**Q** 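Below are the structure tokens for one structure; questions will follow.
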Amino acid sequence: MSTYIVVAIVGIFIGLSKGGMGATLGILAIPLLSLVMPPTDAVGLSLPMLLFGDVFALYVYWNKWDMHYMRVLLPLALVGVAIGTFLLASLPSLVLRRIIGLLALSFVVYKFTSDRLLTIQYQPRGWHGYVTGVAAGTASALANSGSVPFTIYMLLQGVKPEIFAATATLFFAVLNVVRLPTQIVAGIFDMQRVLETLWVTPVIVFGVVMGRWLVLRINQKAFERFMLLVLFVASLVMIFLVPTT
């Protein structure tokens, strides 16, 4: 029963994230799922849920993205996906749990320091985008944490919020599509488990609709602080709690 509850919560969080409530919710998916299943299963199960949510997010932000950043970031991000998938398929379960926990914790640290990035006297260099692409692709394949390097890079570029959100939507939708065949080849994607959790798709849709409704009515900063607290606790569990099975 606990597995069903966690999957439902993750479905709502992914829907809320795709509905505009922020990347904090989406990044919670794998740490939470990893509390009730092996990390590789958590990654394999979360991917189709993310892809389903991407359909709605692309509809909302269709053709509002900046293709310049896609051309800079995407090629080496695809290399990063291959690196991350290889690590995911070859590392022991406990090591993966701790890596995922550290990635989640890094997101919390980033969120509490991101405002200071805007005060940095940043001098853009072409190679910054390439490094960001590799880092985002690797972190995305490992733990759905690619938004950390991506967001830092885009904040430093000074793009408008709508372009930022639209470009992020397209970038991670493409990465999620690419991750699917790599996970199948690596033996991570379990179709049987996915079929067993198809019931969660209406929950994701509900989350998307609720996210679009809430984003205009809730104090998003207060809500995100609460989610950061949840993520912080989940990351500590992933890092320090050794499973008995």
Side-chain angles (χ1 to χ4, degrees), residues 14 17-18 23-31 33-34 39-40 42-54 57-58 61 65-91 95-107 109-111 114 117 124-157 159 163-189 235:
I14 287 176
S17 174
K18 300 300 182 180
T24 306
L25 291 167
I27 207 173
L28 273 169
I30 294 176
L33 288 173
S34 295
T40 50
V43 174
L45 179 60
S46 66
L47 181 56
M49 296 169 68
L50 290 166
L51 285 167
F52 187 77
D54 284 333
L58 286 170
Y61 292 110
W65 39 70
D66 190 328
M67 290 305 298
H68 165 73
Y69 295 109
M70 292 294 295
R71 288 190 291 268
V72 170
L73 298 172
L74 188 58
L76 285 178
L78 301 181
V79 176
V81 168
I83 295 171
T85 304
F86 171 77
L87 293 173
L88 190 65
S90 59
L91 291 175
V95 174
L96 279 174
R97 286 175 63 88
R98 287 175 173 163
I99 288 175
I100 292 170
L102 287 170
L103 288 171
L105 187 60
S106 73
F107 184 80
V109 173
Y110 151 70
K111 290 296 291 185
S114 58
L117 290 174
R125 298 288 186 272
W127 60 269
H128 293 175
Y130 304 142
V131 172
T132 300
V134 173
T138 303
S140 182
L142 267 177
N144 190 36
S145 300
S147 59
V148 177
F150 176 89
T151 303
I152 292 173
Y153 175 79
M154 294 295 282
L155 277 176
L156 292 172
Q157 305 307 306
V159 298
I163 294 174
F164 177 99
T167 306
T169 296
L170 179 61
F171 179 75
F172 288 107
V174 173
L175 288 193
N176 287 338
V177 170
V178 172
R179 287 168 59 195
L180 183 57
T182 62
Q183 287 191 8
I184 292 173
V185 171
I188 296 168
F189 187 81
S235 65

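Quantities reported herein were computed from a predicted structural model and do not represent experimental measurements.
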**Q** Could you measure the distance from the CD1 atom of Ile83 to the OG1 atom of Thr182? Nearest 0.5 Å is fine.
**A** 12.0 Å
**Q** Measure the spacing between CG of Leu28 and OG of Ser46 and express it to the nearest 0.5 Å.
**A** 12.0 Å
**Q** Side chain to side chain contact (heavy atoms under 4.5 Å, CB included), that's the test. Do Leu78 and Leu175 meet it? Break it down for me.
**A** CA-CA 7 Å; Leu78 301 181; Leu175 288 193; 4.0 Å; yes
**Q** Report the distance from atom CZ of Phe52 to atom CD1 of Ile14, rounding to the nearest 0.5 Å.
**A** 11.0 Å
**Q** Rounded to the nearest 0.5 Å, how far does OG of Ser140 lie from CG of Asn176?
**A** 5.5 Å
**Q** Please report the closest heavy-atom contact between Ala141 and Arg179, naming both atoms and the distance.
**A** CA-NE, 3.8 Å
**Q** Of all residues at least two apart in sequence or in a different chain, which pass the side chain to side chain donor-acceptor pair (under 3.5 Å) check with Asp66?
**A** none
**Q** Please step through side chain to side chain contact (heavy atoms under 4.5 Å, CB included) for the pair His128 and Val72, ending with a clear verdict.
**A** CA-CA 9 Å; His128 293 175; Val72 170; over 6 Å; no
**Q** Please walk me through it: do Asp54 and Thr169 pass side chain to side chain contact (heavy atoms under 4.5 Å, CB included)?
**A** CA-CA 7 Å; Asp54 284 333; Thr169 296; 5.6 Å; no
**Q** Between CE of Met70 and CG of Leu170, what distance do you get to the nearest 0.5 Å?
**A** 3.5 Å
**Q** Assign the ring pair Phe150 / Phe171 to parallel, tilted or perpendicular, where the plane angle (0 to 90°) is split at 30° and 60°.
**A** parallel
**Q** From Thr132 OG1 over to Met154 CE, what is the distance, rounded to the nearest 0.5 angstrom?
**A** 10.0 Å
**Q** Check the pair Tyr61 / Thr167 against side chain to side chain contact (heavy atoms under 4.5 Å, CB included), numbers first and verdict last.
**A** CA-CA 9 Å; Tyr61 292 110; Thr167 306; over 6 Å; no
**Q** Under the side-chain hydrogen bond (donor to acceptor under 3.5 Å, both in side chains) definition, can you give me all pairs with a residue in residues 72-84, not counting sequence neighbours?
**A** none
**Q** Can you see which heavy atom on Gly146 is nearest to which on Pro149, and at what distance?
**A** O-CD, 3.3 Å
**Q** Quick check: do Leu45 and Leu33 have side-chain heavy atoms less than 4.5 Å from each other?
**A** yes
**Q** Please list all pairs meeting ring-ring contact (aromatic ring centres under 6.0 Å, His included) that have one or both residues in residues 67-91, counting only residues at least two apart or in different chains.
**A** none
